[in-house]
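What follows is a short report on a single structure.
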Amino acid sequence: MNYLLPNLMQKEDVDKLICDTLDKVLVLRFGRASDAVCMQLDEILAKSAREVSKFASIATVDIDAEGIQMYVKYFDISWIPATIFFFNAQHMKMDSGSADHTKWIGAFESKQDFIDVVEMATRDAGCEIFGVLWQSWMDVHGSYAIMKPDQGSALVDNFSSFLISL
């Protein structure tokens, strides 16, 4: 199903999409088109794309592409699929159980789960609060994940300046 979504295979394409997506949440799915879990997530993303198109853009990124390896290393993508969120060229960090809080690992359980996450991210990003709560699909015991922009992370202080410096 990733043929229904833009597929980025070059660093320049990812940079341009991150910098050019303004006033919308940008959702980048890092993974492989041949992976079963990536295919499940791609189906959810493709089915959701039209419904979220007014407030979000979605694209897939092939982690095996030579031009993408800088992002694979930067975001430490060792588990796929890894979904990364941006707003106005700023990386949105999240507390979803991963140690570095830079990405969502795995597929969303349903289309509505994904839409709810993007709606809340958009609503909160527009208010410049950037606090997003949604029920984690990984933990059916009711824990929540918190999503917020990357503010002074140990990796890079400002993602926009990181893009420009490369």
Side-chain angles (χ1 to χ4, degrees), residues 1-46 48-49 52-53 55-108 113-114 117-118 121-122 124-125 130 132 134 136-138 145-166:
M1 280 286 230
N2 79 331
Y3 61 87
L4 298 174
L5 299 168
N7 188 26
L8 310 175
M9 299 184 71
Q10 296 296 321
K11 178 192 176 300
E12 295 77 19
D13 297 336
V14 176
D15 292 346
K16 182 171 176 25
L17 188 59
I18 290 170
C19 290
D20 291 351
T21 304
L22 301 175
D23 299 324
K24 283 185 170 186
V25 171
L26 173 61
V27 180
L28 294 180
R29 189 278 288 150
F30 285 78
R32 293 184 182 97
S34 61
D35 181 76
V37 181
C38 289
M39 287 190 277
Q40 176 188 358
L41 179 57
D42 289 349
E43 183 177 347
I44 289 169
L45 297 177
S48 306
V52 301
S53 64
F55 51 89
S57 297
I58 305 169
T60 62
V61 181
D62 182 1
I63 64 165
D64 293 326
E66 195 63 37
I68 300 297
Q69 294 309 305
M70 186 279 309
Y71 278 111
V72 172
K73 290 176 185 161
Y74 177 75
F75 288 114
D76 188 28
I77 298 174
S78 50
W79 294 87
I80 59 170
T83 307
I84 300 175
F85 296 84
F86 296 87
F87 183 77
N88 287 344
Q90 190 168 22
H91 176 225
M92 297 179 80
K93 295 187 96 176
M94 65 176 62
D95 182 10
S96 61
S98 67
D100 61 1
H101 307 296
T102 59
K103 59 198 162 285
W104 181 268
I105 304 295
F108 291 92
D113 287 344
F114 173 72
V117 168
V118 174
T122 303
D124 290 346
F130 292 106
V132 178
W134 72 88
S136 170
W137 71 275
M138 296 185 296
I146 300 170
M147 184 178 205
K148 58 187 175 184
D150 181 5
Q151 296 176 347
S153 75
L155 296 173
V156 173
D157 288 334
N158 184 330
F159 195 77
S160 298
S161 64
F162 170 72
L163 291 175
I164 294 167
S165 69
L166 294 176

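These figures come from a predicted structure and were not determined experimentally.
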Taking atom CD of Glu12 as the centre, does the number of heavy atoms from other residues, nucleotides or ligands within less than 6.0 Å exceed 12? yes
d(Arg32 CZ, Asp62 CG) to nearest 0.5 Å is 8.0 Å
Polar side-chain atom of Lys103 near backbone of Pro81 as donor-acceptor pair, under 3.5 Å: no
Could you state the interatomic distance from CG (Asp15) to CG (Asp20), rounded to the nearest 0.5 Å? 10.0 Å
With side chains defined as the heavy atoms from C-beta onward, is the minimum distance between Leu41 and Phe114 less than 4.5 Å? no
Applying side chain to side chain contact (heavy atoms under 4.5 Å, CB included) between Leu26 and each of Ile84, Thr21, Ile58, Val14, report the one that passes. Thr21
CH2/Trp79 to CD1/Ile105 distance, rounded to the nearest 0.5 angstrom? 9.0 Å
Look at the side chain of Gln69 and the backbone N and O of Ile63, then say whether any donor-acceptor pair between them is shorter than 3.5 Å. yes
With Val27 as partner, the option from Val117, Thr60, Leu5, Thr83 fulfilling side chain to side chain contact (heavy atoms under 4.5 Å, CB included) is Thr83
If you take all heavy atoms of Asp23 and Asn88, which pair is closest and at what distance? N-OD1, 2.6 Å
Once rounded to the nearest 0.5 Å, what's the spacing between atom CD of Glu43 and atom OG of Ser48? 10.0 Å
How far apart are the C-alpha atoms of Leu28 and Leu17, what are their side-chain angles, what is the distance that settles it, and do they pass the side-chain contact (heavy atoms from CB on, under 4.5 Å) test? CA-CA 10 Å; Leu28 294 180; Leu17 188 59; 4.1 Å; yes
Taking all non-hydrogen atoms of both residues into account, name the closest pair between Gly31 and Ile80 and its distance. CA-CG2, 3.9 Å
What is the minimum heavy-atom distance between Met39 and Ala33, and which atoms define it? CG-O, 3.2 Å
Output yes when a side-chain donor or acceptor of Lys11 lies under 3.5 Å from a complementary backbone atom of Met70, and no otherwise. no
Going by the angle between their ring planes, with limits at 30° and 60°, are His91 and Phe86 parallel, tilted or perpendicular? tilted
I would like to know whether Tyr71 and Leu8 meet side-chain contact (heavy atoms from CB on, under 4.5 Å); could you show each step before the answer? CA-CA 12 Å; Tyr71 278 111; Leu8 310 175; over 6 Å; no
Ile44 and Phe108: which non-hydrogen atoms are nearest, and at how many Å? CD1-O, 2.9 Å
